[in-house]
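Just so it is clear: chains get the letters A, B, ... in the order the sequence lines come, proteins before strands, and each one is counted from 1.
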Amino acid sequence: MDLRFTEQQEILKKSARDFLTKECPKAKVRELEHDAKGYDPVLWQKMADLGWLGFNIPEEYEGMGYSFEDLAVHVEEVGRNILPGPYLSTVVNTFAIVEAGTDEIKKELLSKISYGKCILTLAWLEENGQFDAAGITLKAAHKGNDFVLNGTKMFVDGAHVADYMIVVARTKESANHEDGVTLFVVDAKASGVKSTVIPTIAHDHLCEVVFKDVTAPAKNVLGKVDKGWETLQMIIRKGSILKAAESLGGLQSVVEMTVAYSKERVQYDRPIGAFQALQHKMADMWIAMGTSKYLLYEAAWMESNGIPNAKEASMTKAYINEAYKLVAALGVKLHGGIGTSYDHDAPLFFRRAKAADTVFGSTDYHRELVAQHIGLK
Amino acid sequence: MDFKLTDAQKAHRDEVFKVCAELDKKKPKTWVGFESQFDDEVGWAFHKLCAKEFAKRGWLALGWPKEYGGIGDMMDKVLFQEARGYYDLPGADIFGVAMLAPTLLAAGSEELKRELLPKIANAEWMFCELWSEPNAGSDLAGLTATAIRKGDEFIVNGQKTWSTGAHFADWAFGVYKSDPNAKKHHNMTFILSDMKSPGITVKSIPYMSGSHVYNEVYLDDVRMSAKYIVGQENEGWAVVNVLAGFERSNLDMVYGLVRGIEELVEFCNETKRNGRPLSQDPIVRNRIADVSSSLEAVRCLAYRVADQQNRNEMGLMDAAAVKIFASELMEKYGHLAADILGPYGQVKNSPWAKMGGTVEYTYQGCFVPIVSMGTNEIQRNIIAWYGLGLPRMK
Ligand SMILES: Cc1cc2nc3c(=O)[nH]c(=O)nc-3n(C[C@H](O)[C@H](O)[C@H](O)COP(=O)(O)OP(=O)(O)OC[C@H]3O[C@@H](n4cnc5c(N)ncnc54)[C@H](O)[C@@H]3O)c2cc1C
């Protein structure tokens, strides 16, 4: 066993940190919260130039072909800074194209994604707010060789700026809800698609997307018709690990920022970090950070090496969801009044921690999966 | 011991709930939570409307001595708070009614009581609190804004911060260093002043949710009349402590949770997940039952505090306990409700929101009572040092 980062990973971390510190300061993060698009196209292009959008695209499609573990390490660094916009959505859904797309779709989309010319997102959840297969009710009806989609999706990240959406639709009713789910690659600008931004705690531009008689050709089916739930599980598994990596990055920022502030801020003639009431809380924050890290790295390493890890992925997502929220709330409290103001970074992470917890499955959802994996009948 | 309400108390309770239910129907659409009154002109207008309705019935003077226009006792006041809290209504100025009035009754001169209590009872003047400074928060006694006496006036200079509602308030109560040579805790004066005085600049500090409730207040050669000193000159610290006790035992926010839980229960009864109503999920049942039990516990403690106040014996420790417990219960409720709402827990007041966006609001809003009024760490110190007699940090 060797739990150090590789040299390549150290380089990835450093370059991500340097780049975002310079290109995406927190003032810009806050500005983009209230921007109509919610992301900066110029920054997106620079990221593409650095290869960020092609990390997980095979070299034959003009990507970098990095390992999943490397990608997780990179995303952690991105989360440390906060990067507004559908970056993680694009990267995660790229996996679906790579692993389940037809050759035609791969040729059409992958190099575009890699060059920063195509934003992807996942249209999964619905108004029922459910994460399980029973929640999928958006109808895709056969029409000749094509399919026609009708229904509403909720909480779709950046749908209003996306080029393509992977839509999770129902093509067949059956007693087993997992049977009859199909994934489609749908042009996000097609007629009949209407995306509206929902106001949320993190102003992260999640959308309601209404589909009205939207046509999807058969070539745009990802994987097999009616058997899309399995592909979705792959997206959720990888997405959970990467979202947890992003959260872990944010969590670390909060710990560092809070410890540093407690050494500077003076009340009662001493740094507030001298109060044991705060020291113990910061020790707890540090423990949450350490436990989160290696849980995540294990899940990412398994994913990278093709070792079955559905259980570990769910454990990681559920655990880090809660760790991040706990640490972020303490971060606010330990800063005192200043930690509650919009212009401070502590609440920025606090709001993001809340937003992160239902992406790719909530704590409750993943804990239920863990319960099944560990043999609870 | 007797928890039963008297017939008169029951009648009063029915009356306050009836009036509050009517006012609830007039709430602006943009209203989400307990501090929406400061959000904008619409919120403030609704605050004033409620205040007039309450003033008309004498309810802003509940528990005051009769000679100052008071009616009822502290228990009647609690029942009124319960109704107001339940319907999440403003109208009882947190600074004037809940804090300054009882402080004046305890420590104000006869002249000040005669002049100011009617203004508070009739909802003519709304107050704000000018205490905290950028470098004097928890350690309030370390404040540096100065009030230099010149004849019948003080010339006040400095910066105050976090002042809730200062952008709407008519008057302020503040504390300033008035004797640079005296010892700590004997060098400050507690003074009331007109917020329209020349030299006052108010600047927003947006809360994490983006709303404008709090402010920086800059004081530049502001003239304050010595007539408006509360307590003794240079002995403002004693007044600060009296007022802080009333501030912390203010329980409005707890009562809001009563309705919050009712709405959550309703949501769980009506919403199906995994083929059955959420209300039948054992985890959901367990967690809501837990928060409900804590809420009942703090309601009982609130009755206890009111009962004590009726006998003029409110302990520092009980006030601190209520403040900690109530604020952390609000946090716990916010997290619970957000978990249950799933992805809807993050949605702001909008057509997509469940429960009117109150969950997203509370999820962030809980830091207001946790951090303000003296942080919960400071309250725990108070319990440990003054209450439990544990050795004090040097
Ligand atoms: C929403 C809001 C509304 C407010 N409204 C008003 C208002 O209307 N008027 C007004 O005057 N003020 C108001 N305040 C100010 C409030 O009283 C202070 O924010 C509070 O007392 C904390 O001070 P601080 O912000 O300077 O934090 P600090 O005192 O710097 O505290 C930072 C951290 O150190 C901890 N700490 C400090 N000392 C100790 C100790 N001895 N032991 C253990 N831990 C300690 C604190 O608990 C906190 O976690 C408001 C604050 C907020 C957040």
Report the distance from atom [atom1] of [X] to atom [atom2] of [Y], rounding to the nearest 0.5 Å.
{"X": "Y344(B)", "Y": "I198(A)", "atom1": "OH", "atom2": "CD1", "value": "7.0 Å"}
{"X": "S138(B)", "Y": "R265(A)", "atom1": "OG", "atom2": "CZ", "value": "7.5 Å"}
{"X": "E368(A)", "Y": "I283(B)", "atom1": "CD", "atom2": "CD1", "value": "7.5 Å"}
{"X": "K348(B)", "Y": "T200(A)", "atom1": "NZ", "atom2": "OG1", "value": "8.0 Å"}
{"X": "I338(A)", "Y": "I205(B)", "atom1": "CD1", "atom2": "CD1", "value": "7.0 Å"}

Handout entry: Max heavy-atom pair count under 4.5 Å with chain B, selected residue of T340(A), D204(A), T358(A)
Key =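 It is T340(A).
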With a 4.5 angstrom heavy-atom cut-off, could you sort out which part of [X] is near chain A: side chain, backbone, both or neither?
{"X": "N376(B)", "result": "neither"}
{"X": "A338(B)", "result": "both"}
{"X": "I340(B)", "result": "neither"}
{"X": "P351(B)", "result": "neither"}

Handout entry: Option that, when pairs with chain A are counted at under 4.5 Å, heavy atom only, ranks first among N135(B), T161(B), T271(B)
Key =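 The answer is N135(B).
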Handout entry: chain A contacts, top residue of C366(B), S372(B), G342(B), P343(B) (heavy-atom pairs, under 4.5 Å)
Key =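 Counting heavy-atom pairs under 4.5 Å, the top option is P343(B).
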Region of [X] that comes under 4.5 Å of a non-hydrogen atom in chain B:
{"X": "L278(A)", "result": "side chain"}
{"X": "I272(A)", "result": "neither"}
{"X": "H203(A)", "result": "side chain"}
{"X": "A329(A)", "result": "both"}

Determine whether more than 12 heavy atoms belonging to other residues, nucleotides or ligands lie under 6.0 Å from atom [atom1] of [X].
{"X": "K183(B)", "atom1": "NZ", "result": "no"}
{"X": "W385(B)", "atom1": "CH2", "result": "yes"}
{"X": "K172(A)", "atom1": "NZ", "result": "yes"}
{"X": "K28(A)", "atom1": "NZ", "result": "yes"}

[X] and [Y]: which non-hydrogen atoms are nearest, and at how many Å?
{"X": "W162(B)", "Y": "S341(A)", "answer": "CH2-CB, 3.9 Å"}
{"X": "Y268(A)", "Y": "D139(B)", "answer": "N-OD2, 3.0 Å"}
{"X": "V371(B)", "Y": "G337(A)", "answer": "CG1-N, 3.5 Å"}

Handout entry: Lys/Arg-Asp/Glu bridge criterion (N-O < 4.0 Å) met for R351(A), E360(B)
Key =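 No salt bridge links R351(A) with E360(B).
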Problem - N-O pairing of D364(A) and R273(B) below 4.0 Å - result: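 Here D364(A) does not pair with R273(B) in a salt bridge, since their nearest N and O are not under 4.0 Å apart.
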Problem - Pair V332(A)-M208(B), side chain to side chain contact (heavy atoms under 4.5 Å, CB included): steps then yes or no - result: CA-CA 10 Å; V332(A) 169; M208(B) 62 175 82; 3.9 Å; yes
Handout entry: Residue pair Y342(A), S204(B): steps toward the side chain to side chain contact (heavy atoms under 4.5 Å, CB included) verdict
Key = CA-CA 11 Å; Y342(A) 181 78; S204(B) 162; over 6 Å; no
Table please: side-chain donor-acceptor pairs of residues 126-134 of chain A below 3.5 Å, with sequence neighbours left out.
{"residue": "E126(A)", "atom": "OE1", "partner": "T137(A)", "partner atom": "N", "Å": "3.1"}
{"residue": "E126(A)", "atom": "OE1", "partner": "T137(A)", "partner atom": "OG1", "Å": "2.4"}
{"residue": "E126(A)", "atom": "OE2", "partner": "T137(A)", "partner atom": "N", "Å": "2.9"}
{"residue": "E126(A)", "atom": "OE2", "partner": "L138(A)", "partner atom": "N", "Å": "2.9"}
{"residue": "E126(A)", "atom": "OE2", "partner": "K153(A)", "partner atom": "NZ", "Å": "2.8"}
{"residue": "N128(A)", "atom": "OD1", "partner": "Q130(A)", "partner atom": "N", "Å": "2.9"}
{"residue": "N128(A)", "atom": "ND2", "partner": "G135(A)", "partner atom": "O", "Å": "3.0"}
{"residue": "Q130(A)", "atom": "NE2", "partner": "D132(A)", "partner atom": "OD1", "Å": "2.8"}

Exercise for the section: Spell out, as yes or no, whether a donor-acceptor pair under 3.5 Å connects the side chain of Q364(B) to the backbone of P347(A). Expected result: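 Not at all, since once roles are kept as given, no pair shorter than 3.5 Å links the two residues.
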Practice task
Report yes if the side chains of K325(A) and D339(B) come closer than 4.5 Å at any heavy-atom pair, otherwise no.
Solution key: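 Yes - at least one pair of side-chain heavy atoms lies under 4.5 Å apart.
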Practice task
Mind running salt bridge (Lys or Arg N to Asp or Glu O under 4.0 Å) on K333(A) and E377(B) for me, showing each step along the way?
Solution key: CA-CA 9 Å; K333(A) 292 173 195 173; E377(B) 283 79 25; over 6 Å; no
Handout entry: Residue list, salt bridge (Lys or Arg N to Asp or Glu O under 4.0 Å) with D290(B), at least two apart or on another chain
Key =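 Residues passing salt bridge (Lys or Arg N to Asp or Glu O under 4.0 Å) with D290(B): K332(B).
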Problem - Row check, Y363(B) ring normal vs K354(A) NZ/CZ: under 6.0 Å, within 45° - result: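 Geometry flag: set, cation within 6.0 Å and 45°.
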